[in-house]
There are 2 protein chains.
Amino acid sequence: MAVSSESQPGSAHAVYVALRHRFAEGQYAPGQRLTEAALATDLGVSRTPVREAIGRLLAEGLVIPAARGVAVAALTAAEAEHLFVLRATLEGLAAELAATRQARGQLAPADIDALDRAVDAVEAAVQTHDAHASAQANLALHRAIGAAAGNPFLEDTLHRVWDRIAVTTVANLDDPHWAGAITEQHQAIVAGIRAGDPKAAGKAAKAHIEAAGRAYKPAPENEPRAAAAGQPAR
Amino acid sequence: MAVSSESQPGSAHAVYVALRHRFAEGQYAPGQRLTEAALATDLGVSRTPVREAIGRLLAEGLVIPAARGVAVAALTAAEAEHLFVLRATLEGLAAELAATRQARGQLAPADIDALDRAVDAVEAAVQTHDAHASAQANLALHRAIGAAAGNPFLEDTLHRVWDRIAVTTVANLDDPHWAGAITEQHQAIVAGIRAGDPKAAGKAAKAHIEAAGRAYKPAPENEPRAAAAGQPAR
DNA sequence: CGGGCAGCGTTTGCATGCAATGTATACTCA
DNA sequence: TGAGTATACATTGCATGCAAACGCTGCCCG
């Protein structure tokens with residue numbers, strides 16, 4: 001229940017951020033092993049801050065204990081399904097709260113406009129078929145909705161879920177039918193928020209994530225195997 | 001998004017568990033400062049594992065950065081409200097999923113019976129006016145429902161929320177009206193689950209937590225002050 | 001008597017060292 | 001040739017040491 005990711009100083013935090021970034025960029029394959037020494041050398045720090053960062057990643061489930069050290073966590077189909085169920089409810093709540101705040105005049109008009117622009121940005125990115133850019137734009141929109149909900153704990157929880165699903169969202173674009181429906185669904189959510197209609201906004205958001213969950217297809221190599229060990233980092 | 005709190009070895013984890021336990025027991029006052037050296041001496045380990053444990057507590061928001069080291073996190077009224085909003089939705093989802101699993105025959109009859117017994121245990125504990133025992137029993141029931149949902153990520157998230165609210169739940173018992181309503185509401189949730197009625201179970205659970213949120217009154221000393229610093233540990 | 005400043009002490013943050021653990025490899029024997 | 005075992009090594013886990021940062025106290029000056 002960390003409330004926000006405020007900028008902390010220190011190497012340990014820097015390492016943590018760096019690793020998170022690499023994960024989000026898909027720089028490490030699921031199942032790949034990471035060793036403290038290699039990361040320490042790579043990042044130019046000693047093992048101590050690396051240890052702290054890995055401990056945190058371990059607590060967050062982004063890496064899992066492996067035979068020797070830790071391995072990048074994969075996402076099985078079952079796990080993905082569980083995550084999407086949770087995510088659908090959370091994002092439904094976020095949209096609901098955002099709409100409630102809008103109805104109470106606690107949302108700046110600029111915030112709503114920003115949501116609209118984010119929706120357009122996603123549509124534009126999707127049309128370029130740039131998977132990475134699309135995922136970024138999509139995440140930005142959902143983040144904005146999460147922020148508009150005004151509940152720091154919900155926001156933090158959403159970030160955890162997103163990070164755990166991470167790059168996989170990109171895969172959705174392969175499905176042309178789904179790609180076409182995205183904008184429509186996004187617009188429905190924002191429309192509900194703008195109208196200050198919590199029920200409508202929440203329902204639209206929940207339905208959107210459920211649809212995303214159905215479109216999601218995990219990489220087959222993520223399924224649990226006896227030994228999913230990869231090469232050590234670098 | 002750690003999926004479960006499996007037993008890890010090592011001093012660092014032991015320190016983490018010990019501190020969590022102390023927090024849950026209310027051994028540290030909110031705002032109280034904790035220093036690495038003092039905890040290390042107290043727990044008979046070096047500062048290194050203490051550092052890792054504190055880092056994790058920091059990430060979870062159970063402690064916050066303080067002038068010198070960290071301080072035990074307090075809970076303001078606004079934060080509590082946000083937490084209860086989130087918790088209501090999460091527990092609603094948990095009950096809903098548990099009922100769904102029941103309807104599909106994925107829940108053992110023994111599990112349902114355990115829920116009933118847990119409800120009775122809470123009622124018994126509340127009648128003794130033992131705040132600590134009541135909180136324990138209540139938490140056990142909610143934990144059982146969370147487990148019955150069969151979604152590890154939801155379960156993990158619930159644990160985070162519960163830990164952040166922690167001992168404060170005890171305070172509810174001061175309100176006799178609320179104390180009397182608890183069992184009734186618990187029974188409604190379990191009835192919904194047993195009947196395999198997701199809608200009813202979810203609604204009952206959500207309403208229950210919302211009622212709990214209304215009954216919750218934070219300690220006034222938790223409100224943000226310029227300096228909420230207490231004595232260093234020990 | 002109040003405000004600013006300097007020195008001191010505490011506490012963190014990181015690096016390194018050492019011991020323990022468990023794995024993978026190579027070797028031996030059936 | 002295959003299985004079992006012993007050995008060596010990679011790697012973690014913790015303790016300690018050292019330097020830097022920060023707050024705090026006491027003093028001096030206005």
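If you're wondering where the values come from, they're calculated on a predicted model, not measured in any experiment.
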**Message:** Taking B:Ala125's backbone N and O only, do any of them form a donor-acceptor pair with B:Asp130's side chain (distance below 3.5 Å, no angle check)?
**Reply:** no

**Message:** I'd like to check the salt bridge (charged side-chain N to carboxylate O under 4.0 Å, His left out) partners of B:Glu36; sequence neighbours left out, ordered by chain and number.
**Reply:** B:Arg47, B:Arg51

Donor-acceptor pairs are to be reported for all side-chain atoms of residues 53-74 of chain A against protein atoms at under 3.5 Å, with residues two or more places apart or in another chain.
from    : atom 1 : to      : atom 2 : distance (Å)
A:Glu60 : OE1    : A:Tyr16 : OH     : 3.0
A:Glu60 : OE1    : A:Arg20 : NH1    : 2.7
A:Glu60 : OE2    : A:Tyr16 : OH     : 2.6

**Message:** Could you check whether A:Asp156 pairs with A:Arg160 (Lys NZ or Arg NE/NH1/NH2 to Asp/Glu carboxylate O, under 4.0 Å)?
**Reply:** yes

**Prompt:** So, B:His142 versus B:His159, ring centres under 6.0 angstrom or not?
**Reply:** no

Restricting both atoms to N or O, compile the protein contacts to nucleotides 12-19 of chain D shorter than 3.5 Å, with distance only.
from   : atom 1 : to      : atom 2 : distance (Å)
D:dT12 : OP1    : A:Glu36 : N      : 3.1
D:dT12 : OP2    : A:Glu36 : N      : 3.4
D:dG13 : OP2    : A:Arg51 : NH1    : 3.1
D:dG13 : N7     : A:Arg47 : NH2    : 2.9
D:dG13 : O6     : A:Arg47 : NH1    : 3.3
D:dC14 : OP1    : B:Ser11 : N      : 2.2
D:dC14 : OP1    : B:Ser11 : OG     : 3.3
D:dC14 : OP1    : B:Ala12 : N      : 3.2
D:dA15 : OP2    : B:Ser46 : N      : 2.7
D:dA15 : OP2    : B:Ser46 : OG     : 2.6
D:dA15 : O5'    : B:Ser46 : OG     : 3.3
D:dA15 : N7     : B:Thr48 : OG1    : 2.8
D:dT16 : O4     : B:Thr48 : OG1    : 3.2

